[in-house]
Amino acid sequence: MKSKIEESFFDRVYSVVREIPYGKVTTYGTIARCIGSPQSARMVGWAMNNSHNLIPEVPAHRVVNRNGLLTGKNHFGNVELMQKLLQDEGIKVINDQIIDFNSHFWDPMSIY
DNA sequence: TGATTGACCAACT
DNA sequence: CAGTTGGCCAATC
């Protein structure tokens, strides 16, 4: 029998994503690495997909791939919504690509 | 209930 | 240099 204190992979993902500060972005791989599964980056995106049903407070629009490309924009309902949200936070996005991505990048390890 | 897939990444050929 | 493959966990078919 599993301990209730043991959180699922998804729960850990949500915990990290929720801590992303305003105007900052991070990547799937970085989050996956932060929770101890560097190669589970795909699951992070999968968690985002379910997050719409589970935790609407998760800023999924602040999570992009390692290239700073808005690969998950197709899952926001409106393709332009993700880009709009990022631009509203002061992040420049052109052609689904975050401009000066390294400057807006936020490392989840900073919460430790 | 087994097989497939899914918003990724890195290594290998 | 570009295309393929392996890996991870959970949900869907």
Side-chain angles (χ1 to χ4, degrees):
Chain A
M1 95 188 236
K2 276 187 174 180
S3 304
K4 290 182 179 177
I5 56 177
E6 285 286 325
E7 295 185 64
S8 300
F9 191 90
F10 277 35
D11 295 327
R12 280 183 268 178
V13 173
Y14 298 140
S15 300
V16 174
V17 176
R18 241 178 320 175
E19 293 301 318
I20 301 177
Y22 181 92
K24 293 290 182 180
V25 292
T26 189
T27 74
Y28 303 99
T30 305
I31 295 171
R33 198 176 322 197
C34 183
I35 65 182
S37 296
Q39 298 178 321
S40 300
R42 295 169 31 168
M43 279 57 268
V44 177
W46 206 232
M48 295 295 106
N49 193 3
N50 282 336
S51 69
H52 284 279
N53 266 331
L54 301 177
I55 311 175
E57 292 297 319
V58 174
H61 62 277
R62 298 188 190 141
V63 183
V64 294
N65 69 348
R66 90 158 212 73
N67 294 318
L69 195 67
L70 278 57
T71 52
K73 66 172 185 178
N74 294 316
H75 295 267
F76 277 79
N78 292 344
V79 180
E80 298 178 355
L81 179 59
M82 186 174 187
Q83 179 170 337
K84 181 180 175 64
L85 289 171
L86 289 172
Q87 287 179 340
D88 191 54
E89 298 188 359
I91 301 175
K92 301 177 207 163
V93 179
I94 298 179
N95 195 17
D96 303 332
Q97 171 69 43
I98 295 180
I99 306 303
D100 200 357
F101 173 63
N102 196 13
S103 185
H104 294 291
F105 179 78
W106 174 79
D107 194 339
M109 294 297 285
S110 65
I111 66 180
Y112 289 119

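The sequence lines fix the lettering, A, B, ..., with proteins before strands; numbering per chain opens at 1.
Separating the CH2 atom of Trp46(A) from the C1' atom of dT12(C) is a distance of 8 Å, rounded to the nearest angstrom. The CE-P distance, from Met43(A) to dA11(C), rounds to 10 Å in whole Å. Separating the CE atom of Met48(A) from the P atom of dA7(B) is a distance of 13 Å, rounded to the nearest angstrom. With rounding to whole Å, Asn50(A) atom CG is found 17 Å from dC9(C) atom P. The OH-C1' distance, from Tyr14(A) to dC9(C), rounds to 12 Å in whole Å. If you take CZ of Arg33(A) and P of dC8(C), they are 15 Å apart, rounded to a whole angstrom. Rounded to whole Å, atom P of dA10(C) lies 13 Å from atom CD of Glu7(A). Rounding to whole angstrom units, CD1 of residue Ile35(A) and P of dC8(C) are separated by 14 Å.
Looking at heavy-atom distances under 4.0 Å, Asn49(A) makes contact with a base. Using a 4.0 Å heavy-atom criterion, one finds that His52(A) contacts the bases of the nucleic acid, with or without backbone contacts as well.
Lys92(A) is not listed as a side-chain neighbour of Asp100(A), based on a closest heavy-atom distance of 4.5 Å or more. Side chains of Val13(A) and Trp46(A) form no contact here, defined as non-hydrogen atoms less than 4.5 Å apart. Inter-residue side-chain proximity for Trp106(A) and Pro108(A) is flagged as met; some heavy-atom pair is nearer than 4.5 Å.
Pairing each heavy atom of Ile35(A) with each of Arg12(A), the nearest pair is O-NH1, 3.7 Å. Scanning all heavy atoms of the two residues, the minimum distance from Phe10(A) to Met43(A) falls at CE1-O, 4.1 Å. Here the closest heavy-atom approach between residue Ser40(A) and residue Phe9(A) is recorded as CB-CZ, 3.3 Å. Between Phe105(A) and Thr27(A), the shortest heavy-atom contact is CE1-CG2, 3.8 Å. A pairwise comparison of heavy atoms in Ile111(A) and Glu19(A) identifies CG2-CB, 4.1 Å as the closest pair.
A heavy-atom distance below 4.0 Å to DNA chain C is reached by none of the residues of residues 20-30 of chain A. Proximity of residues 70-96 of chain A to DNA chain B (heavy atom under 4.0 angstrom from any strand atom) is restricted to Thr71(A), Gly72(A), His75(A), Phe76(A).
The side chain of Arg42(A) sits closest to dG7(C) out of dG7(C), dA10(C), dC8(C). Among the nucleotides dG7(C), dA10(C), dC8(B), the one closest to the side chain of Ala41(A) is dC8(B). Candidate nucleotides dA7(B), dG6(B), dG7(C) were compared by shortest atom distance to the side chain of Gln39(A), and dG7(C) ranks first.
A gap of 24 Å separates the P atoms of dA7(B) and dA2(C), to the nearest Å. Comparing the same atom, P, in dC8(B) and in dC1(C) gives a spacing of 24 Å after rounding to whole Å. Taking the P atoms as reference points, dC8(C) lies 24 Å from dT1(B), given to the whole Å.
Between the side chain of Gln83(A) and the backbone N or O of Ile94(A) there is no donor-acceptor pair closer than 3.5 Å.
Side-chain nitrogen and oxygen atoms of Arg66(A) include none within less than 4.0 Å of the OP1 or OP2 phosphate oxygen of dA7(B).
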Which atom pairs, donor and acceptor, lie under 3.5 Å between side-chain atoms of residues 47-68 of chain A and protein residues at least two apart or in another chain?
unit_1, atom_1, unit_2, atom_2, d
Ser51(A), OG, Met48(A), O, 2.4
His61(A), NE2, Glu89(A), OE2, 3.1
Arg62(A), NE, Glu89(A), OE1, 3.0
Arg62(A), NE, Glu89(A), OE2, 3.1
Arg62(A), NH1, Ile20(A), O, 2.8
Arg62(A), NH2, Glu89(A), OE2, 2.9
Asn65(A), OD1, Asn67(A), N, 3.4
Asn65(A), OD1, Gly68(A), N, 3.3
Asn65(A), OD1, Leu69(A), N, 2.6

